Chemist: 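Got a structure here, written out as structure tokens. Questions coming.
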2 protein chains.
Amino acid sequence: MTRRNDPEPDSTRQRLLEAAGETFADHGFAASTIQMISQRAGANIASVNYYFGSKEKLYHEVLTFGRRVSGEADQPLVTAPVGENPRVTLRRFIRRYLDCLLSPDRPEWYNKLVAREIAEPSVALDELIEIKIQPIRQHLASIVTDMHGGHVDAKMLQQVMESVVGQCLFYYRCRHVVLRLRGLAQYDEATIDEIAENLSAFSIGGITALLQLDLPTLRAKN
Amino acid sequence: MTRRNDPEPDSTRQRLLEAAGETFADHGFAASTIQMISQRAGANIASVNYYFGSKEKLYHEVLTFGRRVSGEADQPLVTAPVGENPRVTLRRFIRRYLDCLLSPDRPEWYNKLVAREIAEPSVALDELIEIKIQPIRQHLASIVTDMHGGHVDAKMLQQVMESVVGQCLFYYRCRHVVLRLRGLAQYDEATIDEIAENLSAFSIGGITALLQLDLPTLRAKN
DNA sequence: TGACTTTTCAAATGAACGTTTCAATTATGT
DNA sequence: ACATAATTGAAACGTTCATTTGAAAAGTCA
């Protein structure tokens, strides 16, 4: 209780949270052992249960910890200068999101953990959606609405979110295949740039096509 | 050895392969227990090791078995009438691929297993790429080449494959989030239809945009 | 039917892991 | 310095799981 409000930067508890975040992000909950985590944190194997009570409770704390830490870091992901060209905003969002997921040097374990949870939810999914997906959906929605210059059907917005996020996540979740096919050992800045560029072009084209589809089709139906 | 060349349809060995395929597809290798598999197959817990030697060897046999069985089933996925409008071909490919991945009634465990392997490879990745990814890549490549009416840069083709497959896989891998956001308990035919429709429109728009980007940009650089 | 092989079954084995325990050590407050 | 609380450490415990074992049952062939 004392430590909770007094987060000394290098306490065992803190090191465990960091180590657990990275380990869970890399291997998932089940495949991560307490031994791996405590070893990575330079702590005793019993420390996890001493500080958190159980592996599962540690996982929960890691999620809230990551959310808190990444909460501020996420702001640039979903913010844009007012009046900016929505295509540029989309491009930047994609670039930043890919960066979070693919950059090998930055220890972005929280986004990776969320990507894992989205694929195979193990804890409160609704909360995670609220925290991580909805902001992205809102952001993309405003971009699309901007591009269209008016109200856009909600299903269209949902589709755009799914397509854009789906593409981005693919490069993370399926990175081994992508890297193999591209003949790379790991992502480098140039490759991420190139992917972001192409993915943006593809998505802008896709959104444009959807918006064109939107009006005549729906009007005709009603 | 005798049984290998003589695949009696309802032998214990065969039931184990089926049950293991479904179980591995549903829960992944590590989370699937031999107990679950043998129970599902209506066999004794020792039968896996009797017939296959180990859980890992069973997994390998399941992959080859699934490849063989699905090999024929995959033909329609990557074939099209000659001279067909490439947009129609793309649309059908997407519809069929989504069907394999999302349809709740059809027991399409092999595609799901491959989707799992692509995300988190546990065995020979190259072979899997050769078997499942390359055909799709070839198919999409010929569609794009058709749409463009001539040779298309290889990186462009790679990008298209990644975007299209990425989107499709998203609806499978992240189905819990998608279903939650769409307020559904599980995918139904109408929803799969709608997704396929939108995803096709989005992808055709994306491909068109990429192709427009292709020529001027690359010409300018060289 | 009777020897022989193949298959099934329940129980045993051993390894990996989360968790508990308790003594040793370190920090804290007086 | 002392007492008390917090933390660390190593070993032990209980569970889950893959795998092994050996005996029972079923099948095969003369």
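Quantities reported herein were computed from a predicted structural model and do not represent experimental measurements.
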Chemist: Run Glu162(A) and Arg137(A) through salt bridge (Lys or Arg N to Asp or Glu O under 4.0 Å) and show every step you take.
Modeler: CA-CA 9 Å; Glu162(A) 290 162 358; Arg137(A) 178 148 87 153; over 6 Å; no

Chemist: Closest approach to the side chain of Asn44(A), judged atom by atom: which nucleotide of dT20(C), dA10(D), dT20(D) is it?
Modeler: dA10(D)

Chemist: Ser38(B) near the nucleic acid: base, sugar-phosphate alone, or nothing, with a heavy-atom cut-off under 4.0 Å?
Modeler: nothing

Chemist: Closer to the 5' end of DNA chain C via nearest nucleotide, is it Tyr50(A) or Ala31(A)?
Modeler: Ala31(A)

Chemist: Do Phe170(A) and Phe170(B) have their ring centres less than 6.0 Å from each other?
Modeler: no

Chemist: I need the CD-P distance between Gln35(B) and dC9(C), as an integer number of Å.
Modeler: 14 Å

Chemist: Does the distance from a Lys or Arg side-chain N to an Asp or Glu carboxylate O, for Glu194(B) and Arg182(B), drop under 4.0 Å?
Modeler: yes

Chemist: Looking at dA6(D), I'd like to know if its phosphate oxygens (OP1 or OP2) sit under 4.0 Å from a side-chain N or O belonging to Tyr51(A).
Modeler: no

Chemist: For Thr12(B) and dT8(C), is the shortest distance between a side-chain N/O and OP1 or OP2 below 4.0 Å?
Modeler: yes

Chemist: Go through dT19(D), dA10(D), dC9(C) for me and flag the one nearest to the Ile45(B) side chain.
Modeler: dT19(D)

Chemist: How close or far is atom C1' of dT19(C) from atom CD of Glu56(A), stated in whole angstroms?
Modeler: 13 Å

Chemist: Regarding Ser54(A), tell me which of base, sugar-phosphate or nothing describes its non-hydrogen contacts under 4.0 Å with the strands shown.
Modeler: sugar-phosphate

Chemist: Nearest of dT8(D), dT19(D), dT19(C) to any side-chain atom of Ile34(A)?
Modeler: dT19(C)

Chemist: Checking Asp26(A) against Thr23(A): is there a side-chain donor and acceptor pair closer than 3.5 Å?
Modeler: no

